[in-house]
Amino acid sequence: MRGLKLIERFKGTQVHALNPPDTTVVNSTGSSSTSSKIGNHRVKFIGSKLKSNKARSGSGAKTLLPFGLPRTDLLEPPIEPHLKSIQLVETLSNLYRRFETCSESEKSLVCIEQYSVLSSLGDPKLLRRCLRAARQHAFDLHSKVVLSAWLRYERREDELDGVSPMDCSRFVLECPKAALVSGYDPNSIYDHCKCYQERSEFTQVSKGDEFLALEEDSDICFRVGNEDINCIRFKIAALSTPFKAMLYGSFTESKSYRIDFSQNDISVEGMRGVDLYSRTRRVDSLSPEIVLELLSFANRFCCEDMKSACDIHLASLVSCIEDALDLIEYRLEERANALIASCLQVLLRELPSSLYNPKVMKIFCSFEARERLASAGHASFLLYYFLSQVAMGDSMVSNATVMLLERLGECATEKWQKALALHQLGCVLLERKEYVSAQCCFEAASEAGHVYSLAGMARCRYKQGQQYSAYRLTSSLISEYKAVGWMYQERSLYNVGKDKIADLETATELDPTLPFPYKYRAVSKAEEKQTMAAISEIDRIIGFKLVPDCLELRAWFLMAIEDYGSALRDIRAVLTLDPSYKMFNEQVRGDILIEFLNYKVQLGSQADCWMQLYDRWSSVDDIGSLAVIHQMLVNDPGNSLLRFRQSLLLLRLNCQKAAMRCLRLARNHSSSEHEKLVYEGWILYDIGHREEALARAEKSISIQRSFEAFFLKSYTLADSSLDPESSSYVIQLLQEALQCPSDGLRKGQALNNLGTIYVDCGKLDQAATCYMNALEIKHTRAHQGLARVYFLRNQRKAAYNEMSKLIEKAHNNASAYEKRSEYCDRETAKNDLNMATKLDPLRTYPYRFRAAVLMDDQKETEAVEELSKAIAFKPDLQMLHLRAAFYESMGDMKSALCDCEAALCLEPNHMDTLDLYNRARDRAINPQEM
């Protein structure tokens, strides 16, 4: 009966979640026609609409909400274009075992599979580690070229002023020259690129040596046209088997002195080049045009050594996109491996800008183009995986993206590759509103083993008016597999009433990081005129996960209650995360909306902004601080110091991509070399190149002593286990930094860091002094350090009180609750950790603490469950390690090994996990010793 009622409820009008029903009509082929297209003219119209509203006498929220508030029937979560395993831990475990046991030639591709699986976690450092491992284990030129370009793209070197696409920043794994050397070097990851060093081994043959070689007696000549080219018979014969047969076999040419070569498509200069090569075995003194001619000649007469020499020499000459485009089309027919690889490398290292070059896309996009690349050995899943990721990042709906994903599918050979290509193509077609084609792709991806693609399949059915069919499909997912958050989230779209809300609550319970349930509940409350409750609901996720559309939603609500200052804060924060973000369902540019909100808010001077920044930074209001800096940058866009401050805040908020973009801008806007070196050092540090970061800091100090240079050097050195001598040196560096000019915000951080080093050295009095000095200049986080000093002095109550002060002052205080739990009794600690989890479910320490307490109470099953519910949405290294230890103590060696392997897939060199893994493996092999 319940099912019958559900069917009846689904007989209503189909809800189109992304667009109102009257704007899009799906035709019989699954494509769509749009009644009106939104372009720049629409944005101008909206701007004029806002201006006309502003000119009216009314001052209510409607003036700035010309399109009304968001509606629940227009909300839906995206289908993520990643592989999402429903058994992620088991998948990671399997990948680790395969990597450890596969042949050396297979390791690179296993690393790429790891990359595809881990992409759904959104951790840039984790993904970069996969790419570096793949490049390290690559054998062939093609894979090395693609992966070195991919690594460069991930660092977005193209956004740094004055950096050439062929520059590798001395990193051998990104070096274009190293990529053109075939073979595997196990030590390559530890080497520095030698691009900038003298290469004596490549000294060229002198002109005198060439002259002596040409003076050797000739005993044969080749006529080309009306000219004779004198050669040495045995040296020409040594070029290839066909020449040897012709000159020393039973052919008439073996007894001839003069041989006519006029009909063999070679010029006089080309034949002279052949002669020179036969004598010297070098082509580097010849012009590129002659070497190209020799390459064709070598192909016709099977002169493999000559072909290789020409190939390698021409490859070394390709330096720009014009050279690459001129050569690659012609040389694909010659199958000159190194030359094609070199041309390909230039095109790939120009990404993403080369996406807009139609000549470049012609080489990659069509089926015929892929066939030509394949015939030369340069079409691969790896190549099209890279190209399609860049294209999707640029535009999810472009024709180029579709074509590249189609080529990706054609190159797929393994099940996971087919699943990935089909799923991503389905996501793109769904965005293009080609629902029938998208459904076919999702269905094929699910048949290849990707369960998450069934969510895409359900969405396509829903878009075509088959709501009940979509509901049944998602319900079968929940009943057939171990439920995860996205399953209930997806089903909620097709459910109604209280059942919809129940699905959303379950989705949040299983995976609190999913933004859509919070957004839906918030908009639902706003529709019921409970705007403050709506703001409280969306605050729940903004408190631990900064997502632009959630901030935008809160701004809508704030405008509705005419809190324009707070709305302006959120919009500025959104534009800090994504400068091109558009508001009102992508119809109004954020900067236009800011312009009109400025009429509602009193703006202060730059000096006033500095005071606001100081206050918000001190109260640990990171979003407020971002907004103030954004306002300051409008007035002073070239201020590198402010860009650097942005990056610090964004890193604290776990927005690494946005932070790195701000760091690159800080570097580009630097007014001096020593300042530029500091920002380059931070960029290198944040991508894991610690030694290079240290070198930049030292070079900056050698040019000019500055706070930021000393701070960078001390921070980089402190990021390791410090012995007493090293600690003393870091203390000295921080003291040097504090003697240099800077503002209170940064000096507070330096004092806090100095106090931490003193604590580690057991110098509690000096540490306390540092923390108190930091608090005097409103560095609020120093309360945490001072609390630690009190705790180490056995003043537990004072430590607890100190952390309570931080909780009172800090706008973002989940970490403060977590830290305060260390200074109180078990029950109070439990309450604090529960509050920390409520405020930020991504913090792992509370789960580990609660699990440890349960284990101490011999509640083994409950302890494992406590960790498992967090691992389900955040497979963290520490939690996997702890659960593995629990399994080992329970005698479940299989589960212990699985968790260890998954943890080692995330961090292969984690020593504690390696020790546990080896111990569990020994016990599994010898169970009688347990």
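Legend: residues meeting ring-ring contact (aromatic ring centres under 6.0 Å, His included) with Phe139, ordered by chain and number and at least two apart, are Tyr184. By the ring-ring contact (aromatic ring centres under 6.0 Å, His included) test, His910 is found to be paired with His881, residues two or more places apart in sequence or in another chain being considered.
Note that CD of Gln424 is 5.5 Å distant from OG of Ser388, once rounded to the nearest 0.5 Å. Rounding to the nearest 0.5 Å places NZ of Lys244 at 13.5 Å from OG of Ser254. We find the CE-CZ distance between Met306 and Arg281 to be 7.5 Å, quoted to the nearest 0.5 Å. A distance of 10.5 Å separates SG of Cys310 from CG of Asp284, quoted to the nearest 0.5 Å. Note that SG of Cys130 and CG of Leu147 are 11.5 Å apart. Values are rounded to the nearest 0.5 Å. Annotation: the span from Leu294 atom CG to Ser296 atom OG amounts to 9.0 Å, rounded to 0.5 Å.
No donor-acceptor pair closer than 3.5 Å links the side chain of Ser700 to the backbone N or O of Leu677. At distances below 3.5 Å, not a single donor-acceptor pair connects side-chain atoms of Glu673 with backbone N or O atoms of Ile703. Side chain of Tyr96 to backbone of Leu906: no donor-acceptor contact under 3.5 angstrom is found. Looking at Arg690, its side chain does come within 3.5 Å of a backbone N or O of Thr716 through a donor-acceptor pair. Side chain of Ser308 to backbone of Asp305: no donor-acceptor contact under 3.5 angstrom is found. Judged purely by atom type and a 3.5 angstrom limit, Asn357 uses its side chain to pair as donor or acceptor with the backbone of Lys359. At distances below 3.5 Å, not a single donor-acceptor pair connects side-chain atoms of Ser119 with backbone N or O atoms of His82. Looking at Ser278, its side chain does come within 3.5 Å of a backbone N or O of Asp275 through a donor-acceptor pair. Side chain of Arg300 to backbone of Asn264: a donor-acceptor contact under 3.5 angstrom is found.
In this structure, Pro358 and Met361 have side chains that are not in contact, with every pair of non-hydrogen atoms separated by 4.5 Å or more. Side-chain contact between Leu180 and Ile312 is absent, with no heavy atoms from C-beta onward closer than 4.5 Å. Counting heavy atoms from C-beta outward, Cys905 and Val117 have side chains that stay 4.5 Å or more apart. Ser116 is not listed as a side-chain neighbour of Gln417, based on a closest heavy-atom distance of 4.5 Å or more. Under the 4.5 Å side-chain criterion, counting only non-hydrogen atoms from C-beta, Ile328 is not in contact with Arg372. Looking at heavy atoms from C-beta onward, Val146 lies in side-chain contact with Leu348 at the 4.5 angstrom threshold. Residues Lys177 and Val172 have side chains not in contact (no heavy-atom distance under 4.5 Å, counting atoms from C-beta outward). Side chains of Pro352 and Asp394 form no contact here, defined as non-hydrogen atoms less than 4.5 Å apart.
Side chains of Ser218 and Arg279: a donor on one and an acceptor on the other come within 3.5 Å. Asp140 and Ser143 share a donor-acceptor pair across their side chains, judged by distance under 3.5 Å alone.
Using a 30° and 60° split on the angle between ring planes, His450 and His423 fall in the perpendicular class, above 60°. Ring planes of Phe171 and His689: parallel class, angle under 30° (limits at 30 and 60°). Between Trp682 and Tyr685, the two ring planes are perpendicular [angle over 60°; tilted spans 30° to 60°]. The aromatic rings of Tyr153 and Phe386 lie perpendicular to each other, with more than 60° between the two planes, well past the 30° mark. Classification of the His137-Phe99 ring pair by plane angle, with boundaries at 30° and 60°, yields perpendicular.
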| task | Would you sort out whether Glu159 and Lys657 count as a salt bridge (charged side-chain N to carboxylate O under 4.0 Å, His left out), showing the intermediate values? | result | CA-CA 13 Å; Glu159 294 182 5; Lys657 284 190 176 181; over 6 Å; no

| request: Mind running side-chain contact (heavy atoms from CB on, under 4.5 Å) on Asp686 and Leu663 for me, showing each step along the way? | output: CA-CA 10 Å; Asp686 286 329; Leu663 264 179; 3.5 Å; yes

| request: List the steps and the verdict of side-chain contact (heavy atoms from CB on, under 4.5 Å) for Leu95 and Trp416. | output: CA-CA 12 Å; Leu95 283 168; Trp416 73 268; over 6 Å; no

| field | Residue pair Glu410, Arg407: steps toward the salt bridge (charged side-chain N to carboxylate O under 4.0 Å, His left out) verdict | value | CA-CA 5 Å; Glu410 291 161 3; Arg407 304 294 82 77; 2.8 Å; yes

| said: Let's go through Ile290 and Arg272 carefully: what are the C-alpha distance in whole Å and the side-chain angles of both, what is the deciding distance for side-chain contact (heavy atoms from CB on, under 4.5 Å) to 0.1 Å, and is it a yes or a no? | reply: CA-CA 9 Å; Ile290 297 302; Arg272 288 195 178 113; over 6 Å; no

| task | List the steps, then state whether side-chain contact (heavy atoms from CB on, under 4.5 Å) holds for Val224 with Asp260. | result | CA-CA 6 Å; Val224 178; Asp260 190 357; over 6 Å; no

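Ring centroids of Phe297 and Tyr277 are separated by 6.0 Å or more, keeping the two rings apart.
Summarising the geometry of Cys411 relative to Phe381, their closest heavy-atom pair is CB-N, 3.6 Å, with the distance given to 0.1 Å. Ser148 and Gln345 make their closest contact through OG-OE1, 3.8 Å (heavy atoms, listed as atom of the first residue, atom of the second, distance). Across every non-hydrogen atom of Asn230 and Cys221, the tightest pair is OD1-CB, 3.4 Å. Between Leu151 and Arg128, the shortest heavy-atom distance links the atoms O-NH1, 3.1 Å. Across all non-hydrogen atoms, the minimal contact from Pro288 to Leu314 is O-CD2, 3.9 Å. In this structure, Glu253 and Leu247 approach most closely via the heavy-atom pair O-CD2, 4.5 Å.
Between Glu174 and the choices Arg155, Arg349, Arg152, the side-chain hydrogen bond (donor to acceptor under 3.5 Å, both in side chains) rule is met once, by Arg155.
Look at Glu901 and Arg97 and you find a salt bridge, because one of the NZ, NE, NH1 or NH2 atoms lies within 4.0 Å of a carboxylate O, short of that distance. Arg696 has a carboxylate O that lies under 4.0 Å from a charged side-chain N of Glu680, or vice versa, which qualifies the two as a salt bridge. Ion pair Arg129/Glu907 flagged as a salt bridge, since at least one NZ, NE, NH1 or NH2 atom sits closer than 4.0 Å to an Asp/Glu carboxylate oxygen.
Heavy-atom neighbours of Glu104 CD from other residues, nucleotides or ligands within 6.0 Å: above the threshold of 12.
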